[in-house]
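Each remark here refers to the structure printed beneath this line.
The structure presented is a predicted model; accordingly, all values stated were derived computationally and were not measured. Convention: sequence-line order gives letters A, B, ...; per-chain numbering from 1.
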Number of protein chains: 2
Amino acid sequence: MAETQFDLEGFLPYLLNQAAEAAGREFAAAYRGRYGMTRTQWRVLAHLGRFGALTATEICRRAMEEKTGVSRAVQALEERGWLVRDALAEDRRAEALSLTPAGHDAYQALAAEAIRFDALLRSRLGEERAAGLAEVLTALIGAARD
Amino acid sequence: MAETQFDLEGFLPYLLNQAAEAAGREFAAAYRGRYGMTRTQWRVLAHLGRFGALTATEICRRAMEEKTGVSRAVQALEERGWLVRDALAEDRRAEALSLTPAGHDAYQALAAEAIRFDALLRSRLGEERAAGLAEVLTALIGAARD
DNA sequence: TATTGTTATACTCTATAACTATA
DNA sequence: TATAGTTATAGAGTATAACAATA
């Protein structure tokens, strides 16, 4: 019986993971190195900065994060004075989370870095290939949800 | 001053991470669910199965893994009877790692699953887009090494 | 009964440093 | 001095379950 020919270097989950790690590591310098934030904290900040007030559950759904991680990230951002909680009249179990002015300043600075980094990645690939990459990744993510 | 317009849903590191997590989670069922292996153990098994005897340092370089993780994965595979160490005459600090027949059987089974899963992903995307994706990811990984 | 959010627990992963044996 | 590999430690990520408050 012939050997199964498996090409690890062309295995999509492996390539995806290596590329995600390489890009993530490079950008982590922006939030981890400069602000001492974790990735989950950066994602919470990014969602609140981008979309305004959200509940923790909404952040979990949009960011594909666990509620435990979000709970701890919210706590850390709150202690830092970057985030406030407001009671929701319509459901007293949930809270509306939003950024303080200081939190919004941090978001603005990090969003600007993110835009620069995204542009750097896209320039490395060429705009056409980068746009195609984003489209294919989105398709993969969508397909996995089913 | 205008707000910085940052589109989190188009941010490449974010898309790469979501896609890698989705694909990785789906394939992890093969090695974690069925064999109780960690991802690092699967990667060590895959490299030894694919390339034959390697030293730990060579696995680290090829698989982009930390030497501590590889050291522990090698230990676990050894205890399981899937891997043996052989002294290297030319450098007694290093060891040649290779799979036992049982280890090779496990590799064959997992490699076959990997081939099936890769084919599934490629069929979801279409062969042309999948080939393009692999090429662009390889370029990204290569660019990040510099 | 179900859901929001917190806390506890455990395992994996990542990263660093200290250490040994050898080069 | 430098390298191969092990061990220890700590922080971060992932996953589950138990729990309180509210719906």
**Message:** Side chain of B:A94 only, heavy atoms from C-beta on: which candidate in D:dA18, D:dT14, D:dA4 is closest?
**Reply:** D:dA4
**Message:** salt bridge (Lys or Arg N to Asp or Glu O under 4.0 Å) for A:R34 and A:E113? Distances and angles first, verdict last.
**Reply:** CA-CA 11 Å; A:R34 179 171 306 182; A:E113 290 234 40; 2.7 Å; yes
**Request:** For B:E90 and D:dA4, give me the distance from atom CD to atom C1', rounded to whole Å.
**Result:** 13 Å
**Request:** Would you please confirm or rule out a distance under 4.0 Å between OP1 or OP2 of D:dG5 and any side-chain N or O of B:T57?
**Result:** yes
**Message:** Categorize B:E21 for me: base, sugar-phosphate, or nothing, with a 4.0 angstrom heavy-atom threshold over every strand shown.
**Reply:** sugar-phosphate
**Message:** Is the terminal nitrogen or CZ of A:R50 (NZ for Lys, CZ for Arg) located under 6.0 angstrom from the six-membered ring centre of B:F6 and within 45° of that ring's axis?
**Reply:** no
**Message:** Once you apply a heavy-atom cut-off of 4.0 Å, does B:R25 come out as touching a base, just sugar-phosphate, or nothing?
**Reply:** sugar-phosphate
**Message:** Using whole Å, what does the distance between atom P of nucleotide D:dA12 and atom CH2 of A:W42 come to?
**Reply:** 18 Å
**Prompt:** How close or far is atom P of D:dG13 from atom CZ of B:R32, stated in whole angstroms?
**Reply:** 17 Å
**Message:** So, under a plain 3.5 Å distance rule, would you say the side chain of B:R61 forms a donor-acceptor pair with the base of D:dA4?
**Reply:** no
**Prompt:** Taking the nucleotide of DNA chain C with the closest heavy atom to each, which residue, B:R92 or B:Q41, is nearer the 5' end?
**Reply:** B:Q41
**Request:** Send over the distance from B:E79 CD to D:dT6 C1', rounded to a whole Å.
**Result:** 14 Å
**Message:** So does B:A28 get a backbone contact from the side chain of B:R32, meaning a donor-acceptor N/O pair under 3.5 Å?
**Reply:** no
**Asked** B:R72 near the nucleic acid: base, sugar-phosphate alone, or nothing, with a heavy-atom cut-off under 4.0 Å?
**Response** base
**Prompt:** Can a donor-acceptor pair under 3.5 Å be found between the side-chain atoms of B:R93 and the base atoms of D:dT3?
**Reply:** yes
**Range on DNA chain C touched by chain A, heavy atoms, distance below 4.0 Å** = C:dA2 to C:dA15
**Asked** Short question: side chain of A:S71, backbone of A:K67 - any donor-acceptor pair under 3.5 Å?
**Response** no
**Asked** Between B:E66 and A:Q75, who's closer to the 5' end of DNA chain C by nearest nucleotide?
**Response** A:Q75
**Request:** Determine, stepwise, if the pair A:E135 / B:R129 fulfils salt bridge (Lys or Arg N to Asp or Glu O under 4.0 Å).
**Result:** CA-CA 10 Å; A:E135 184 261 327; B:R129 288 203 301 169; 2.4 Å; yes
**Message:** Classify B:T55 by what it touches in the nucleic acid, base, sugar-phosphate, or nothing, heavy-atom distance under 4.0 Å.
**Reply:** sugar-phosphate
**Request:** Starting from the C-alpha separation in whole Å, work towards a yes-or-no answer on salt bridge (Lys or Arg N to Asp or Glu O under 4.0 Å) for A:E26 and A:R124.
**Result:** CA-CA 14 Å; A:E26 209 171 339; A:R124 281 183 193 164; 2.8 Å; yes
**Request:** Go through D:dA23, D:dT16, D:dA4 for me and flag the one nearest to the A:D91 side chain.
**Result:** D:dA23
**Asked** Rounded to whole angstrom units, what separation is found between the NZ atom of B:K67 and the P atom of D:dA8?
**Response** 15 Å
**Request:** If the plane angle is over 60° it's perpendicular, under 30° parallel, otherwise tilted; pick one for A:Y31 and A:W42.
**Result:** parallel
**Prompt:** What closest approach, in Å, do B:T40 and B:V70 show between heavy atoms, and which atom pair accounts for it?
**Reply:** CG2-N, 4.3 Å
**DNA chain D: 5'-proximal contact among A:T40 and A:T68 (nearest heavy atom)** = A:T40
**Prompt:** At under 4.0 Å between heavy atoms, what does A:R85 touch on the DNA or RNA strands: base, sugar-phosphate, or nothing?
**Reply:** sugar-phosphate
**Message:** Both A:R39 and B:V70 contact DNA chain D. Taking the nearest nucleotide for each, which residue is further toward the 5' end?
**Reply:** B:V70
